[in-house]
2 protein chains.
Amino acid sequence: MTALLDALILDIGGTLVAEAPVGTATAELEVHLMPHVLDDLESLRATLRLAAATNTAVMGEAEVRALLAPSGLDALLEVVVTSSDVGATKPDPLVLSVVLDRLGGVTAERALFIGDQGTDAAAAAALGMPYAAIETAGVAATVATWIDANAGRRFAAAAAGVSPPDAAAAASAAELHDRLTKPKGALGGLEQIGIRLAGMAGVSPPPVPAPAVVAVFAGDHGVVNDGVTPWPQEVTAQMVANFVAGGAAINVLARHAGAEVMVVDVGVLHPLETADGLLRRKVRPGTASLASGPAMTEVEARQALDVGVEVAEHAVHGGARCLVTGDMGIGNTTPSAALIAAFTGRPAAEVTGRGTGVDDDTLSLKTRIVEAAVQRVAGREPFDVLAEVGGLEIAALAGFIVAGAAQRVPVVVDGVIATAALVTAEALVPGVHAWCFAGHRSAEPGAAVALEFLGLDPILDLGLRLGEGTGAALALPIVQAGAKVLGEMATFDGAGVTEKA
Amino acid sequence: MTALLDALILDIGGTLVAEAPVGTATAELEVHLMPHVLDDLESLRATLRLAAATNTAVMGEAEVRALLAPSGLDALLEVVVTSSDVGATKPDPLVLSVVLDRLGGVTAERALFIGDQGTDAAAAAALGMPYAAIETAGVAATVATWIDANAGRRFAAAAAGVSPPDAAAAASAAELHDRLTKPKGALGGLEQIGIRLAGMAGVSPPPVPAPAVVAVFAGDHGVVNDGVTPWPQEVTAQMVANFVAGGAAINVLARHAGAEVMVVDVGVLHPLETADGLLRRKVRPGTASLASGPAMTEVEARQALDVGVEVAEHAVHGGARCLVTGDMGIGNTTPSAALIAAFTGRPAAEVTGRGTGVDDDTLSLKTRIVEAAVQRVAGREPFDVLAEVGGLEIAALAGFIVAGAAQRVPVVVDGVIATAALVTAEALVPGVHAWCFAGHRSAEPGAAVALEFLGLDPILDLGLRLGEGTGAALALPIVQAGAKVLGEMATFDGAGVTEKA
């Protein structure tokens with residue numbers, strides 16, 4: 001499992017081993033491995049499931065495995081399917097379908113088929129399965145090329161789909177508000193929420209934005225090793241387990257608000273057990289330290305953006321009508337402060353806070369690290385800033401927000417981490433903040449700076465500084481109330497109530 | 001229906017008519033009405049149902065009605081029951097029970113029996129029914145004396161029952177918070193809510209304060225005739241109808257929060273239709289203007305306090321574990337400002353606001369009226385201040401809050417009207433605010449002044465200025481979340497999460 005792929009499916013002849021001359025008798029076949037094959041597959045199988053799909057008129061799985069065994073290749077392939085086994089040859093995709101069936105739990109879109117023939121490409125295309133032609137540099141290089149070429153495509157498509165909310169529907173909601181049985185404007189901020197929801201839904205009164213999904217993106221941060229927090233990085237993984245078990249604050253508050261929690265590993269350092277409710281989309285196990293260089297490569301940042309888009313699209317296709325941002329990552333207030341400083345232009349000292357409650361010395365160190373990082377990205381493109389000083393879960397959150405906007409679904413944004421993701425998203429896709437509600441004003445100073453910069457009023461101001469999505473989940477019933485007031489209140493005419501003189 | 005009584009039950013001989021000499025033959029009985037009887041009953045029946053319960057060995061209802069008809073008394077009595085009809089004579093309470101049955105919907109506690117014999121008193125006592133001996137000044141005077149003697153008793157009993165929350169349970173909740181899987185204090189104000197709920201419940205973790213009941217007390221205000229608002233007083237009655245029909249903002253927000261709405265007429269000026277869900281407890285149809293004299297008599301203020309206590313006790317006995325204050329009354333920001341100024345000592349100009357949105361001239365007039373009213377009550381006892389410059393629904397809210405505290409149930413307080421009731425309640429029963437949560441910071445300036453005076457932090461600050469209980473209902477899910485976090489989150493030990501170094 002990586003961010004974009006769960007499995008590699010490999011053609012054999014011409015891909016893993018040299019193609020035998022046409023007409024060679026079975027008994028005379030010899031296995032000549034292509035360069036790096038064993039090393040490449042050994043390394044790739046740490047994160048991807050490996051299978052083979054081969055056209056051969058005369059051999060079944062057992063014969064192929066027997067042939068490959070002496071080279072060590074057989075042991076690296078979890079599944080081997082031949083055209084003889086299934087009775088159909090590529091370009092018929094049946095051999096690839098059977099591989100997917102035998103792998104179990106892998107969809108066509110998340111398997112990469114690598115081959116060397118036009119029939120290989122055609123078979124993959126028939127299933128909607130990604131395909132790459134084997135490069136002379138080998139399997140690992142081929143995978144890397146494919147990831148480099150494809151990372152960020154999902155984000156780019158979502159970004160291209162963002163347009164403004166419907167101003168006419170918003171105006172209609174404002175007009176309806178003035179006919180409801182209350183003095184004009186008496187519901188204050190709740191009226192503004194309803195008006196914005198109408199604009200997002202394109203209709204007044206707007207539907208109630210429910211059900212909601214809280215997506216908690218988890219990742220680790222190399223900058224922790226520079227001393228920005230007293231919490232050990234293993235806590236990120238432990239808290240992911242806590243989320244999956246339902247025992248964290250976000251679980252309690254999401255249940256209370258009737259929202260579902262999805263937990264997504266975009267970049268947790270320590271190993272995580274497979275679990276229901278955990279989506280494994282690790283781009284890499286923790287970022288590098290932003291104190292000493294880029295936190296991520298560009299291709300890693302693009303993958304993380306794509307993960308966020310995937311999760312938002314999956315939630316909306318599953319019925320979600322409201323998205324809620326959540327996050328977990330020991331040390332993540334440091335990259336958040338750096339992103340907020342970089343995108344708002346405010347000084348590091350003004351946006352860097354105590355996070356989980358660090359002491360004065362640590363705050364001072366943290367501020368210096370943020371300041372240096374921000375200087376390093378001065379004048380660079382938003383995407384470069386994200387890769388250089390951001391974090392994997394923050395990039396995923398930015399993708400999640402952009403995809404929510406593209407799907408025309410309200411996104412309720414949590415504290416400083418999500419707000420950093422939102423200023424990043426806004427820099428990448430201007431106008432995306434029009435689809436967002438700020439759930440609360442985090443106690444972390446950068447959050448207030450970012451919200452002011454975006455012109456968003458936070459719904460709650462309860463001094464929360466936990467993250468996980470807690471402030472947004474707590475605000476969710478208020479967002480939903482904004483729609484219900486418009487949809488359910490009587491009008492002056494309807495209720496026979498006299499208006500003021 | 002008045003605040004304390006639904007019906008009068010009257011003995012006949014010695015009470016309504018002169019007692020005939022013992023041994024007078026039926027045929028020779030003559031009806032000699034007691035002084036004022038016809039006028040008194042004619043006037044009382046505008047607000048109370050009238051019945052008679054008489055001991056007579058020889059006459060049934062028909063004979064008694066025939067005997068009373070020529071005097072006009074028969075027509076004033078909705079129900080007449082004699083001891084011959086039921087086969088038992090007072091002090092046996094059967095005759096009174098049958099009267100209640102025939103009246104329908106009237107409980108023993110809300111019927112006053114007026115008689116002239118020890119057997120009358122004994123019969124009433126056997127049912128738990130209030131009793132008054134007829135005074136020579138007549139029935140109306142007897143009722144007035146009884147109300148004067150009894151109004152405020154229910155409030156006094158509730159006030160005597162208020163004690164502080166349990167500090168040990170609160171401390172235990174604070175300690176539990178520090179073991180939950182989050183940095184210490186990271187849930188900010190939500191932690192404080194949970195700690196306070198534990199104190200109120202006397203146990204940590206505290207139970208979720210649900211179900212909740214929102215009581216909306218409605219009353220009119222004579223000061224409206226002095227020009228403090230452009231809204232006509234009939235809107236109070238129209239909005240009560242809207243509450244009962246479920247179309248007002250408070251109905252929508254209470255439904256959203258899973259809370260029940262009770263609507264209580266404590267003093268609406270215009271007539272209201274009987275309706276399910278409307279509790280009729282009218283003390284008087286609107287106050288007098290506080291601009292020119294006392295808004296209420298003392299006995300009226302005491303009755304209004306009692307109504308609030310009755311509603312809170314009824315709700316809690318019916319299962320409510322959280323009370324929410326609501327209010328409706330055109331003009332009621334003026335008495336609220338006067339009460340807040342009087343009890344906090346802050347100047348009228350600082351606590352008087354635009355209410356539903358009045359213009360500068362009206363605000364100036366309103367402020368002068370508040371200022372003059374506050375000067376008039378300087379140095380007087382809290383109860384006198386309430387009667388002089390308060391309102392019927394505000395007094396009821398004060399009673400409701402005190403009774404909630406006495407029942408050890410959290411009370412979520414709404415905007416400026418409820419906050420005025422709370423400062424009043426606190427003046428009457430110091431310490432009662434410890435049982436209250438401030439749902440929101442009303443846009444009306446007096447609300448913030450009152451909350452600061454009481455040391456209560458509002459949960460929401462969304463610029464609401466509607467009243468009805470809307471801000472409190474909107475805050476209710478957050479109050480409940482405060483309990484759930486304590487009750488449902490995993491601890492560091494339980495979840496195997498490492499604490500910070």
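We name chains A, B, ... by the order of the sequence lines, and we start the count at 1 in each one.
Contact annotation for A:A249: both backbone and side-chain heavy atoms come within less than 4.5 Å of a heavy atom of chain B. Proximity to chain B is absent for every atom of A:A245, based on heavy atoms less than 4.5 angstrom apart. Both the backbone and the side chain of A:L187 come within less than 4.5 Å of a heavy atom of chain B.
Atom CD1 of B:I459 is separated from atom CG of A:L462 by 7.5 Å, given to the nearest 0.5 angstrom. Atom-to-atom distance recorded for A:T356:OG1 and B:K182:NZ is 12.0 Å, nearest 0.5 angstrom. Summarising the geometry, atom CD1 belonging to B:I250 is positioned 12.0 Å from atom OG1 belonging to A:T181; distances are rounded to the nearest 0.5 Å. Within the model, atoms CD of A:E191 and CG of B:L466 stand 8.5 Å from one another, a figure rounded to the nearest 0.5 Å.
Looking only at heavy-atom pairs under 4.5 Å with chain B, the residue among A:G185, A:G494, A:G471 that has the most is A:G185. Your options are B:A481, B:A495, B:A241, and the one with the most heavy-atom pairs under 4.5 Å with chain A is B:A481. Contacts with chain B were tallied for A:T498, A:L464, A:L460, A:I330; A:T498 has the most, counting heavy-atom pairs under 4.5 Å. Contacts with chain B were tallied for A:D461, A:T491, A:L190; A:L190 has the most, counting heavy-atom pairs under 4.5 Å. Note on A:P183, A:G467, A:G463, A:A473: by heavy-atom pairs under 4.5 Å with chain B, the leading option is A:P183.
One finds a salt bridge joining A:E488 and B:R255 here, because a Lys/Arg side-chain nitrogen approaches an Asp/Glu carboxylate oxygen to under 4.0 Å.
At least one donor-acceptor pair under 3.5 Å links the side chain of A:H256 to the backbone N or O of B:P477.
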